Amino acid sequence: MAFDSNDNKRWFSGNEAIARGAWEAGVQVASGYPGTPSTEIMGNLARYEGVYAEWAPNEKVGLEVTIGASFAGVRALATMKHVGLNVAADPLFTAAYTGGRGGLVVLDADDPQMHSSQNEQDNRNYAFAAKVPMLEPSDPSEAKEMLKTAFELSEELDTPVLYRITTRIAHVKGVVELRDRPEVAPGSIEKMPGKFVMLPGNARMRRIEVEKRMATARELAETLPINRVDDGDRTRGFITSGTPYNYVKEAFPEAAVLKLGMVWPLPEKMIREFADSVDELYIVEELDPFLETHIKAMGIDCHGKDLIPNQGELNSFIVRKSIDPASIGDLFEPLELPMRPPNMCAGCPHRGVFYGLSRMKDVFVSGDIGCYTLGFLPPLSAMDSCVCMGASVTIAHGMSKALGKEGEGKLVAVLGDSTFMHSGITGLLNAVYNESYATVIILDNRITAMTGHQNNPASGKNIKGEPANAINLEKLCEAVGVKRVVVVNPHDIDECRKVLKEEIASTEPSVIISRAPCVLIPEEIKRKKPVYSTNFDNCTGCTACIRLGCPAISWHPLTPEEAVERGYTKKQKGYAEITEVQCNGCGQCACLCKFDAINIREAN
Amino acid sequence: MKQSGNILFSGVGGQGILLASELTAYAQLEAGFDVKKSEVHGMAQRGGSVEAHLRYGERVYSPLIEPGTADILVAFEILEAARYLPYLHKDSAVVVNTQKILPPAVAMGKASYPDDILDELTSRGINVVALDAFAVAREVGELRTANVAMVGAMSNFLSVHKQAFLDVIDTKVKEAFREVNKQAFELGRKLVYS
Ligand SMILES: Cc1ncc(C[n+]2csc(CCOP(=O)(O)OP(=O)(O)O)c2C)c(N)n1
């Protein structure tokens, strides 16, 4: 019999488990912005009956929406990746004062190792700084169950609760047990101005409540079942939490372990007792010495980052090797092999714009975050900076002010449609208001592609794929005050280059909207597309098409003898070939070929 | 019957590694094991190297395979088999699809695809089973079954009964594709010892 038709057991990813857990916890409103590794939570949650889930344009908006839901008395969940919490930090720090009515949990997904991120920040530090409790599960099953504890604590302590996961929970699959959802009461209006209006006079009162609540939380931490000791050998004792708990259990299965499900505030008595009961204490945590710092501040002697790396993710091998280097046997050495970095897809519309930019060596390309960041890689190599979402526009503006006349015709900002709506709009507003000359290119592929194709305010569809209002980017830019707004088809390489030249040369703010859909959205996958093929007889080996860096085009080097044998001159160094099964029919290469060596083959 | 083990899947984004690892995991679950699987989404999926770690046993804590402990490597591409050598030990079995997908530097003519790279594995005593999964897929008439042919070949190295895999295909694969996938599984399974 199939495993999951058997009983109430399922094999879920951490993100699927959290979505289920939110439903089981009675969540009624959820809002978030995509970001690996958190994205699939909201996508899954939107499918549950009785939960309103949405994609917000950014994390600050998402968190504020859930604060509103909590003020209306229902349980609410906000989701984001670690850097998203930077964007949402403003509402978080003050919601810590207001508390709410319905339970409010802020899910934060950290990405140690930066599998899909621009930095590796450890968001446990936010719990300390914002003075809110933080819970941290270790695997999908726990991620589902502990979420309910998070909501209970949020209501009991009248505070938002941070719920931290990492990539190795979000994208790990494990066995979970399904439970039911309780009856939930509808929301209601209840005015509590002293608590909800954070004017200084009220805030000073709430400030006192914050300290009281954290003291209560500290007490509670001593008896919460999610903080527990796995009994074992006490010559070495471990304090750990989250995914590292698993690595400790694998590396030192016999040892006693204090597993912290609540990583802030800490159960001081429990930690002291455990520390006293072991000969040597080891703190095993990923990234910052968060537990270690606070445990050392209690005056407790322990090992931690003196042995365990403070960068990258851990695994059982690293934990064992750090603590018992002698126990590690010989391993096969890695072979020297060509790397295989990610690449823009065959037919990706972004490529047309970056090809144009790659031909303008004097231009500084202020980039942003999305699939298009891959325009950085050779052979296009057409991105010169990338810091955080939305920063393309503002950094280009800052450079324009620093460079003055010198920079005219040399500055361009490039960002995606989702990124533009996330935090590019305010930058553009500034550029118009303060008279920038940098050109802004919005790569409008109709979707949030990088994170797995989520709809956004420009897509015309909501989180469930149902029709929704679609923002008109041209009109928006005009309304902001941009007088030069041009729409271009990036697959038309010549036209695209012409527009780039004109707009970048202009000394007033201008916006180019490069519009063509991502090849991976369902409508595009279904669409019958032309297939291009190489006419080898006409190929002169000029490499014009190769310079696009399309994964469907490869280069075959030839020796002079081989060249002659194939009917080429002996000087021809090779020829290009289109792998037809990979071609998505964008035609960019055909635009570039001057020798009629790339043609449409009949669509099949 | 082996009570625990580590299976590593490797290949290039878009090759169907997730489904292959998913079928394998469900077969192990049906056999009564605890199973954890780890994969990476996002940036890494855009045509880059991808991997999935699958660990099974009575109780699995860590979702990540340690270097030197992969019992089976299922590689969907030759370079992506060689890349994971540090995860193998001398008794590992490697089931590799003989397909070559050129990495960008090779496609652009800036590097070359190493010849005979699998010899680097066999010369270290590793059992390498190479098969043309696409040939199998072509034979059953559906190119997208190459990944399931790989699972079939790999299944020879597991104690889980073959029926468990077929049952999983029945429940996890869309009806229209069930039969071809079962055929691909069977053919892949037979290839290893023929
Ligand atoms: C503050 C923040 N939130 C979320 C992310 C995750 N993220 C990276 S790129 C991206 C969206 C990119 O979409 P878009 O701008 O439309 O470009 P595309 O990938 O479609 O080319 C997101 C959400 C992030 N890096 N930073």
Side-chain angles (χ1 to χ4, degrees), chain A residues 1-5 11 36-37 39-40 115-117 138-139 167-168 170-175 243 245-247 249-250 313 315-317 320 329-335 337-345 371 373-374 377-379 450-452 543 546 549 551 553-557 573-574, chain B residues 12-14 22 25-26 29-30 34-49 53 60-69 79-80 82-90 101-114 117 120 124 126 143 167-168 170-172:
Chain A
M1 202 197 292
F3 171 81
D4 49 9
S5 54
W11 198 56
T36 314
T39 314
E40 299 83 0
H115 294 287
S116 248
S117 302
S138 296
D139 65 12
T167 304
R168 300 306 181 178
H171 295 159
V172 161
K173 295 192 87 171
V175 178
T243 31
Y245 167 74
N246 299 313
Y247 309 143
K249 294 297 276 187
E250 300 269 355
E313 65 182 1
N315 57 40
S316 48
F317 179 79
R320 185 182 297 113
D330 286 344
L331 292 170
F332 293 129
E333 291 292 325
L335 302 169
L337 301 169
M339 296 297 286
R340 197 188 297 278
N343 188 1
M344 283 187 254
C345 305
C371 282
T373 315
L374 296 170
L377 296 173
M450 176 88 274
T451 43
T543 72
I546 294 290
I553 307 178
S554 48
W555 175 250
H556 299 279
K573 298 239 159 24
Chain B
V12 180
E22 204 72 359
Y26 273 101
L29 285 165
E30 308 229 325
D34 183 22
V35 184
K36 278 211 177 118
K37 187 179 86 167
S38 189
E39 46 195 53
V40 169
H41 301 200
M43 190 67 137
Q45 276 181 318
R46 297 277 172 272
S49 303
H53 293 216
V60 178
Y61 284 99
S62 170
L64 295 175
I65 297 174
E66 289 192 18
T69 69
L79 259 188
E80 300 311 313
R83 202 181 301 285
Y84 291 85
L85 177 60
Y87 277 92
L88 304 178
H89 52 81
K90 60 180 186 0
I101 299 176
L102 307 185
V106 176
M108 287 185 279
K110 303 260 188 279
S112 55
Y113 195 103
I117 192 78
E120 295 280 351
R124 287 165 173 80
I126 295 162
L143 275 181
D167 288 350
V168 175
D170 267 334
T171 53
K172 294 287 157 202

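The structure displayed is predicted, hence computed values, not measured ones. For the numbers below, each heavy atom of this structure counts, side chains included, while hydrogens, waters and symmetry mates do not. Residue numbers start from 1 in every chain, and the chains themselves are labelled A, B, ... in the order their sequence lines are given, proteins ahead of strands.
- Interface summary for chain A: among G68(B), G109(B), A111(B), S112(B), the most heavy-atom pairs under 4.5 angstrom belong to G109(B).
- Residue contact with chain B, scored on non-hydrogen atoms closer than 4.5 Å, is absent for P37(A).
- Contact annotation: the side chain of L337(A) approaches that of I117(B) to within less than 4.5 Å [non-hydrogen atoms, C-beta and beyond].
- With a 4.5 Å cut-off on non-hydrogen atoms, I101(B) touches chain A through its backbone and its side chain both.
- With a 4.5 angstrom heavy-atom cutoff, N343(A) touches chain B via backbone and side-chain atoms both.
- Of the atoms belonging to A82(B), heavy atoms from both backbone and side chain fall under 4.5 Å from chain A.
- Evaluation of the side-chain hydrogen bond (donor to acceptor under 3.5 Å, both in side chains) rule for S62(B) yields no partner, not counting sequence neighbours.
- Of the two parts of P67(B), the backbone and the side chain both hold a non-hydrogen atom closer than 4.5 Å to a non-hydrogen atom of chain A.
- Across W555(A) and M108(B), no two heavy atoms sit closer than the pair CB-C, 4.1 Å.
- Interface check for chain B: of the options M339(A), E333(A), K573(A), E313(A), the most heavy-atom pairs under 4.5 Å are formed by M339(A).
- Both the backbone and the side chain of P334(A) come within less than 4.5 Å of a heavy atom of chain B.
- When all heavy atoms of L88(B) and F332(A) are compared, the pair lying nearest together is O-CD1, 3.3 Å.
- Contact annotation: the side chain of F317(A) never approaches that of T69(B) to less than 4.5 Å [non-hydrogen atoms, C-beta and beyond].
- By number of non-hydrogen pairs under 4.5 angstrom with chain A, the leading residue of L102(B), D34(B), V35(B) is V35(B).
- Taking all atoms of both residues into account, the shortest heavy-atom contact from W11(A) to K36(B) is CZ2-C, 4.5 Å.
- For the atom pair E80(B) CD and R340(A) CZ, the distance stands at 4.0 Å (nearest 0.5 Å).
- Side chains of P104(B) and P338(A) form no contact here, defined as non-hydrogen atoms less than 4.5 Å apart.
- When each of L335(A), T543(A), I553(A), I546(A) is checked for heavy-atom pairs under 4.5 Å with chain B, L335(A) comes out on top.
- Contact detail for L331(A) and P86(B): the closest heavy-atom pair is CD2-O, 4.2 Å.
- For H53(B), no part sits under 4.5 Å from any heavy atom of chain A, backbone or side chain.
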